[in-house]
Amino acid sequence: MSASAAARRPEPEINVTPLVDVVLVLLIIFMVIAPALNEGEHVDLPAIFQPDAKPKDMNPIDVTIALNGTVVIDKERVEPTTLKARLVELHAKDPERALLLKTDAAAPYKRVRETFAMLQGIGFKGISLKVTERKKPGQGQ
């Protein structure tokens with residue numbers, strides 16, 4: 001083989017385009033799924049103008065009630081019929097622990113009010129409603 005024949009031989013190249021495509025698709029999937037994993041169930045929180053700057057209790061019991069009726073307590077799905085019994089059990093273990101209620105902004109007021117009444121009946125001292133901050137007109141998004 002002459003030197004000129006070796007020089008004309010094609011050099012192998014690694015095409016990284018499919019790898020980059022796969023990585024981008026995985027990144028998008030994780031970006032979509034991560035909030036749901038963190039929150040347990042997707043809810044559109046009510047928006048208010050002046051939420052508390054800092055949460056009062058750093059380790060509350062998280063109760064999420066989604067618009068479709070799904071109930072999640074501390075990232076554990078429970079049947080709505082067993083919600084009260086489960087919360088009574090959690091309150092008995094640690095009576096000083098507060099509760100953070102997350103409900104969808106579109107949830108019927110009656111349902112939210114009945115949930116608050118049930119939580120007060122159990123004996124929780126601190127019940128907070130998780131909200132997001134609503135921007136004032138003219139402040140942008």
Side-chain angles (χ1 to χ4, degrees), residues 1-120 122-141:
M1 187 181 292
S2 69
S4 63
R8 283 187 262 152
R9 186 187 258 170
E11 291 186 28
E13 292 182 13
I14 298 175
N15 186 2
V16 295
T17 303
L19 177 64
V20 171
D21 290 345
V22 169
V23 169
L24 288 176
V25 168
L26 289 174
L27 180 65
I28 291 169
I29 289 171
F30 286 124
M31 288 173 60
V32 170
I33 293 175
L37 292 176
N38 194 21
E39 294 291 326
E41 183 68 31
H42 177 74
V43 292
D44 291 324
L45 297 173
I48 63 171
F49 286 113
Q50 295 179 339
D52 289 344
K54 184 177 175 185
K56 294 178 178 137
D57 186 358
M58 298 307 288
N59 187 24
I61 298 169
D62 283 340
V63 176
T64 303
I65 301 175
L67 192 57
N68 63 6
T70 304
V71 178
V72 178
I73 301 175
D74 286 338
K75 299 181 181 178
E76 176 189 346
R77 286 180 186 252
V78 297
E79 291 296 321
T81 55
T82 62
L83 173 64
K84 185 173 182 178
R86 183 78 175 110
L87 289 174
V88 166
E89 178 184 320
L90 289 172
H91 183 64
K93 285 182 183 175
D94 188 359
E96 298 300 319
R97 196 169 170 198
L99 189 136
L100 179 62
L101 180 62
K102 301 174 192 174
T103 61
D104 199 286
Y109 176 76
K110 179 182 176 188
R111 183 173 171 200
V112 176
R113 184 65 196 123
E114 288 172 351
T115 303
F116 263 103
M118 185 255 305
L119 296 172
Q120 288 174 333
I122 291 172
F124 284 101
K125 293 180 182 172
I127 303 169
S128 301
L129 181 63
K130 188 168 184 176
V131 295
T132 58
E133 184 175 1
R134 177 186 287 179
K135 300 292 181 192
K136 293 179 182 170
Q139 286 187 337
Q141 299 228 11

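We number each residue from 1, following the sequence as shown.
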**Message:** Within the supplied structure, the quantity of interest is the number of heavy atoms (other residues, nucleotides, ligands) at a distance under 6.0 Å from Phe49 CZ; does it exceed 12?
**Reply:** yes
**Message:** Are there over 12 heavy-atom neighbours, none belonging to Glu79, within less than 6.0 Å of that residue's CD?
**Reply:**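 Atom CD in Glu79 is not packed in, count stays at 12 or less.
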Please name all residues satisfying salt bridge (Lys or Arg N to Asp or Glu O under 4.0 Å) with [X], sequence neighbours left out, ordered by chain then number.
X: Asp104; value: none
X: Asp44; value: none
X: Glu13; value: none

Could I get the full list of side chain to side chain contact (heavy atoms under 4.5 Å, CB included) partners for [X], not counting sequence neighbours?
X: Gln120; value: Arg113, Ile127
X: Leu27; value: Met31
X: Lys125; value: Glu96
X: Val131; value: Pro46, Ile48, Pro51, Leu129

**Prompt:** Taking 4.0 angstrom as the limit, do Glu114 and Arg111 come out as a salt bridge?
**Reply:**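 A salt bridge is absent here (no side-chain N lies under 4.0 Å from a carboxylate O).
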**Item:** Pairs where residues 16-31 contributes a residue and the test side chain to side chain donor-acceptor pair (under 3.5 Å) is met, not counting sequence neighbours
**Value:** Asn15-Thr17
**Asked** If you look only at pairs with a residue in residues 61-71, which of them pass as a salt bridge (charged side-chain N to carboxylate O under 4.0 Å, His left out), with sequence neighbours excluded?
**Response** Asp62-Lys102
**Request:** Quick one: which residue pairs count as a ring-ring contact (aromatic ring centres under 6.0 Å, His included) with a foot in residues 62-81, not counting sequence neighbours?
**Result:**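 Passing the test, one end in residues 62-81: no pairs.
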**Request:** Mind checking side chain to side chain donor-acceptor pair (under 3.5 Å) for Asn68 and listing every partner two or more places apart, or none if nothing turns up?
**Result:**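 Here the qualifying residues are Thr70.
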